[in-house]
Amino acid sequence: MQDDAHRRGKSIDEIKEGDSLTVTECISERELLIYLGLTNDSNPLYVQTAFAQSMGYKAPVVPPVMLSGILTSSISKLLPGPGSEIVNVATNFIEPVYHEETITFTFEVIKVDLMKEVIMISVEGTNENDNRILDSVIMVRPPRRFNHQQLENNLEKEVEKNE
């Protein structure tokens, strides 16, 4: 836990155009039902086969916001990583994603703006048939460099306060 508290993502001066990341995910039925329960989203398009088929889909689809969550969590955890702040997102959902479908997301830093202290990340999502399911451009403010001693002091104060 202590090591985790010190983990931080790459700062803007550690990132360069062309840096990339690939994330593969499969949204299980269980994860989907948990999401729908947490958000109280009862859209039959997400769970009822007959309804989804009547709407022109082959089966129930994954809510697009769940796909967006994979994108944002990948940025928060991996590129740039902990301490990152997403400031703008533009996503095109091209094809539906079905339950239990494996999706591969390819992230690439396409611009580093030192003046504004942001980076632009392009994301392409493809399904197991290599069809594009989404394109996204995400503007991210990477974590700033921090003083390790100051972080230690703040953590100690927090612990003392909670005791």
Side-chain angles (χ1 to χ4, degrees), residues 1-28 30-32 34-36 38-39 41 43 45-46 56-58 60-155 158:
M1 177 80 170
Q2 194 73 357
D3 286 339
D4 213 29
H6 290 91
R7 187 163 178 268
R8 69 163 183 84
K10 291 181 176 183
S11 62
I12 197 159
D13 57 333
E14 298 172 301
I15 299 170
K16 61 183 185 317
E17 290 179 13
D19 285 354
S20 63
L21 166 71
T22 301
V23 173
T24 301
E25 292 280 339
C26 180
I27 298 176
S28 71
R30 179 181 177 275
E31 292 167 330
L32 180 73
I34 289 170
Y35 164 78
L36 293 174
L38 287 171
T39 60
D41 188 342
N43 187 340
L45 181 60
Y46 303 144
Y57 298 96
K58 66 180 183 182
V61 300
V62 172
V65 72
M66 287 188 73
L67 302 173
S68 296
I70 294 169
L71 302 183
T72 60
S73 72
S74 297
I75 287 170
S76 293
K77 294 186 296 187
L78 303 167
L79 180 67
S84 299
E85 178 185 1
I86 294 172
V87 295
N88 196 335
V89 178
T91 304
N92 295 313
F93 298 98
I94 300 164
E95 280 194 22
V97 174
Y98 298 100
H99 302 192
E100 306 292 337
E101 196 171 13
T102 300
I103 305 299
T104 300
F105 299 95
T106 305
F107 296 75
E108 182 179 352
V109 176
I110 57 173
K111 183 174 183 179
V112 176
D113 188 332
L114 296 172
M115 193 76 151
K116 294 180 182 174
E117 296 184 342
V118 295
I119 63 171
M120 301 291 283
I121 298 175
S122 171
V123 185
E124 181 178 283
T126 56
N127 64 17
E128 30 200 56
N129 298 322
D130 211 26
N131 295 330
R132 271 191 9 221
I133 55 105
L134 70 74
D135 288 322
S136 188
V137 176
I138 305 171
M139 183 184 293
V140 180
R141 183 172 296 116
R144 293 184 173 90
R145 289 196 173 277
F146 59 83
N147 179 319
H148 288 280
Q149 187 57 51
Q150 184 63 44
L151 178 63
E152 273 301 320
N153 294 342
N154 289 345
L155 288 172
E158 244 179 81

- Message: Does any part of the side chain of Ile27, heavy atoms only, come nearer than 4.5 Å to the side chain of Ile70, both counted from C-beta?
- Response: yes
- If you take all heavy atoms of Glu100 and Cys26, which pair is closest and at what distance? O-SG, 3.1 Å
For residues 106-123, which side-chain donor-acceptor pairs fall under 3.5 Å, sequence neighbours excluded?
from, atom 1, to, atom 2, distance (Å)
Asp113, OD1, Met115, N, 3.1
Asp113, OD1, Lys116, N, 3.0
Glu117, OE1, Arg144, NH2, 3.4

- Task: Apply the test side-chain contact (heavy atoms from CB on, under 4.5 Å) to residues Val61 and Tyr98: give CA-CA distance (whole Å), side-chain angles for both, the deciding distance (0.1 Å), then the verdict.
- Result: CA-CA 5 Å; Val61 300; Tyr98 298 100; 3.7 Å; yes
Residues 81-94 side chain polar contacts: donor-acceptor under 3.5 Å, at least two apart:
from, atom 1, to, atom 2, distance (Å)
Ser84, OG, Gly81, N, 3.3
Ser84, OG, Gly81, O, 2.6
Glu85, OE1, Arg141, NH1, 3.0
Thr91, OG1, Ser136, OG, 2.8

- Message: Distance check, rounded to the nearest 0.5 Å: Leu21 atom CG versus Ile75 atom CD1?
- Response: 9.0 Å
- Item | From Glu25 atom CD to Leu67 atom CG, the distance as rounded to the nearest 0.5 Å | 10.0 Å
- What are the two closest heavy atoms between Glu124 and Asp135, and how far apart are they? CG-OD1, 3.8 Å
- Closest heavy-atom contact between Pro142 and Val140? CD-O, 3.2 Å
- Pairing residues for Pro63 by the side-chain contact (heavy atoms from CB on, under 4.5 Å) criterion, not counting sequence neighbours: Leu32, Tyr35, Leu36, Tyr46, Val65, Met66
- Message: Let me confirm one number: the CG-CD1 distance from Asn129 to Ile133, rounded to the nearest 0.5 Å.
- Response: 12.0 Å
- Query: What closest approach, in Å, do Glu14 and Asp19 show between heavy atoms, and which atom pair accounts for it?
  - Reply: O-OD2, 4.2 Å
- Message: Return the OG to CD1 distance between Ser68 and Ile138, rounded to the nearest 0.5 Å.
- Response: 8.0 Å
- Nearest atoms (heavy-atom pairs only) where Asn127 meets Glu95: ND2-OE1, 4.0 Å
